[in-house]
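Below: one structure, written as structure tokens.
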Amino acid sequence: MKLCILSSAVLCALAAPSAFAALSPADATDVAAIQGTEREIILTGASAIQNNLLNGLTSICGSLVRMDNSGNIRAYLCRNAAATTTFPGQNLLIHHNVSGGSLNSVLATNINAGSAERQSIIANFSTCTASGSNYTGCGTGAGQLVSAQSMGGASDVDPIAFADSNVYTPGPTYPVSVSPASGAQVFAVVANTILYRKMQFQQGVTNDLGPVLPASCYDGTNATGTVENPAGDIAGDDFSPACQPSISREAYASIADGPASALKNGWAALLGAGITGPGNNVVKLCRRVATSGTQASSNIFFLANPSSEVGKIAPAGGFTTVAGANGSVIGSSKLWWWANSGTGDVLDCLGNANNGTGPDGTAASIPAGVGGALSVGSHYALGVVSAENDWRTQTAPLRTNWRFLKIDGESPEATAAHSTARDPFGRVIDSASRDQCARETYADGRYPFGYEFVIVRRTNLTAAQSGFIGEILGDGLFNPLSAAAVQPSANCNLISDNPPRGIVAKPSTAAGVNHVANPTRVAKGSSNGKPYQPIVFGNQGAEN
């Protein structure tokens, strides 16, 4: 007899293979056999590790079938989980909903039946359409997504950061345990390509600071910088670390904070004197929702919030979203912001800004009050995403219209080995070579933006369920680092890339898990999972 562990009779009603006609007969039979049993695992939380979780499952499962409802809601059929100690050789069904981000690894565990905080999962797979070896469009019919209690997941930062920000109140409603994970997630400031090109041009010409980037980085014909020329010749090295424009920590903080900053009255402070932005000079910020660990990381890093009671600054949009449209123009500051549920939504927001539309791709979603003639290709936009993301590997064209920026001259994609060349101000000039795993400079202690994530688990799970979540968010992301170094793939997006893109292992006492033995994969130090504490170098290996 099957045990229905989910709070919906719909799942058990759909257990018969005939409900899954769109899946192959074998897939339908295996999914039906798992639903409602101990082997159905429901995960929520950080969207920053979504693709890396997929890679982790690839390492644990004998074979894996991916079933998508949307960019934020997925399910995986894991056959022959031979690499696990919890379900050895068994088939599993893993749900992963990253809507809302990190804090939903806690909130969606709410014990109150019917809680609005619970997350949707795919209950009926009859609408799935084969797409190569995977499926898309799953659960798109009426009632085919159901609300379910999460078992936990990953959070980019310790949930204490959300409690300190008054986003939620810990208590018995959320029966979870929090444990440190084995590594850190690297984050980055990103700009849509319209703004990237503008900054690249501005930093490559003579100005008050002198040229920061080689003039060859910008191949357009624009001579004044007052009008963007995205149709210019784009060479392959234009987006390399050597050519990435830089934003200062202070400049991004001025954009990401509340409405008081004078910077948000125009773009001159970022782009240089005489350079103004389009669309009435509105600063367009594609931020995340308050429950997002990416947003919490941005708040802590740029705004000292909530890490400093004295100096903390409220983020643009506060800690809540606006009813209806999440965009808002605040006072005369002309700050335009949009609280995006998932990382993919941020990338869509940036891409649509490139097209001169609102974040959902329509002119109607441009918030009231912006005013001015907003022409196609005229919108500048910024945001923060995890370095797991790579515009080069995006399959949706809209999500390729963004690029990484340096922070205070340090690139998340530069190699740890700096060039010996320096500019007239003594700054190291990065080479065109790229760290496709986007972690070397963070591991080396140079690039500053990253936080150690944690594993969240509901306290009333079975031992096997709890153990599996620990495995997939631990060993699934970190293969034994004491083994011979694995050469990264073209864009560090295979499970053999150890750890995967944008993830840095914490140093430990295990053999080989130190910076000296693995300088491109293991950080020099750790904050012990505490988001407010600085990285303390230690356990580096032979040099200690």
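FYI, side chains are in, hydrogens and waters are out, and symmetry mates aren't considered; it's all heavy atoms of this structure.
Leu57 approaches Phe468 most closely through the heavy-atom pair CD2-CZ, 4.1 Å.
With a 4.5 Å cut-off on side-chain heavy atoms, Tyr451 and Ser527 do not count as touching. With contacts defined as side-chain heavy-atom distances shorter than 4.5 Å, the pair Ile111/Gln149 qualifies. Residues Val190 and Trp391 have side chains not in contact (no heavy-atom distance under 4.5 Å, counting atoms from C-beta outward). No side-chain heavy atom of His95 sits less than 4.5 Å from a side-chain heavy atom of Ile41. Side chains of Trp402 and Asn389 form a contact here, defined as non-hydrogen atoms less than 4.5 Å apart. Met67 has its side chain out of reach of Asn134: every pair of non-hydrogen atoms, C-beta onward, lies at least 4.5 Å apart. Counting only heavy atoms from C-beta outward, the side chains of Leu93 and Cys78 never approach each other to under 4.5 Å. Side-chain contact between Arg74 and Asn69 is absent, with no heavy-atom pair separated by less than 4.5 Å.
A distance of 9.0 Å separates CG in Asn51 from OG1 in Thr343, rounded to the nearest 0.5 Å. Here Glu38 contributes atom CD and Gln465 contributes atom CD; the two are 5.0 Å apart, rounded to the nearest 0.5 Å. Note that CG of Leu43 is 12.0 Å distant from CD of Gln119, once rounded to the nearest 0.5 Å. Put simply, CH2 on Trp338 and NZ on Lys284 are 11.0 Å apart, with the number rounded to the nearest 0.5 Å. Here CD1 of Ile60 is found 6.5 Å from OG1 of Thr84. Values are rounded to the nearest 0.5 Å. For the atom pair CD1 of Ile73 and SG of Cys138, the computed distance is 11.0 Å after rounding to the nearest 0.5 Å.
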Let me see the working for Gln185 and Glu388 under side chain to side chain contact (heavy atoms under 4.5 Å, CB included), right down to the final yes or no.
CA-CA 8 Å; Gln185 174 73 65; Glu388 173 201 34; 4.2 Å; yes

- Message: Pair Ser165, Asn305 - check side chain to side chain contact (heavy atoms under 4.5 Å, CB included), show working.
- Response: CA-CA 8 Å; Ser165 300; Asn305 192 334; 4.2 Å; yes

Thr169 and Tyr174: side chain to side chain contact (heavy atoms under 4.5 Å, CB included), yes or no, with the steps?
CA-CA 9 Å; Thr169 302; Tyr174 312 110; over 6 Å; no

Run Arg287 and Ser298 through side-chain hydrogen bond (donor to acceptor under 3.5 Å, both in side chains) and show every step you take. CA-CA 9 Å; Arg287 55 157 281 181; Ser298 178; over 6 Å; no

TODO: Walk me through it: do Asp390 and Gln394 pass the test side-chain hydrogen bond (donor to acceptor under 3.5 Å, both in side chains)?
DONE: CA-CA 7 Å; Asp390 188 348; Gln394 289 289 335; over 6 Å; no

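For the residue pair Thr140/Thr127, the side-chain donor-acceptor check at 3.5 Å is satisfied.
In summary, the aromatic rings of Tyr442 and Tyr447 are positioned with their centroids too far apart to meet the 6.0 Å limit. Remark: aromatic rings of Tyr168 and Phe162 are distant, center separation not under 6.0 Å.
Arg79 and Asp27 are joined by a salt bridge, as a carboxylate oxygen and a charged side-chain nitrogen come within less than 4.0 angstrom of each other.
For the pair Arg249 and Phe301, the cation sits on the ring face: its NZ or CZ lies under 6.0 Å from the ring centre, inside 45° of the axis.
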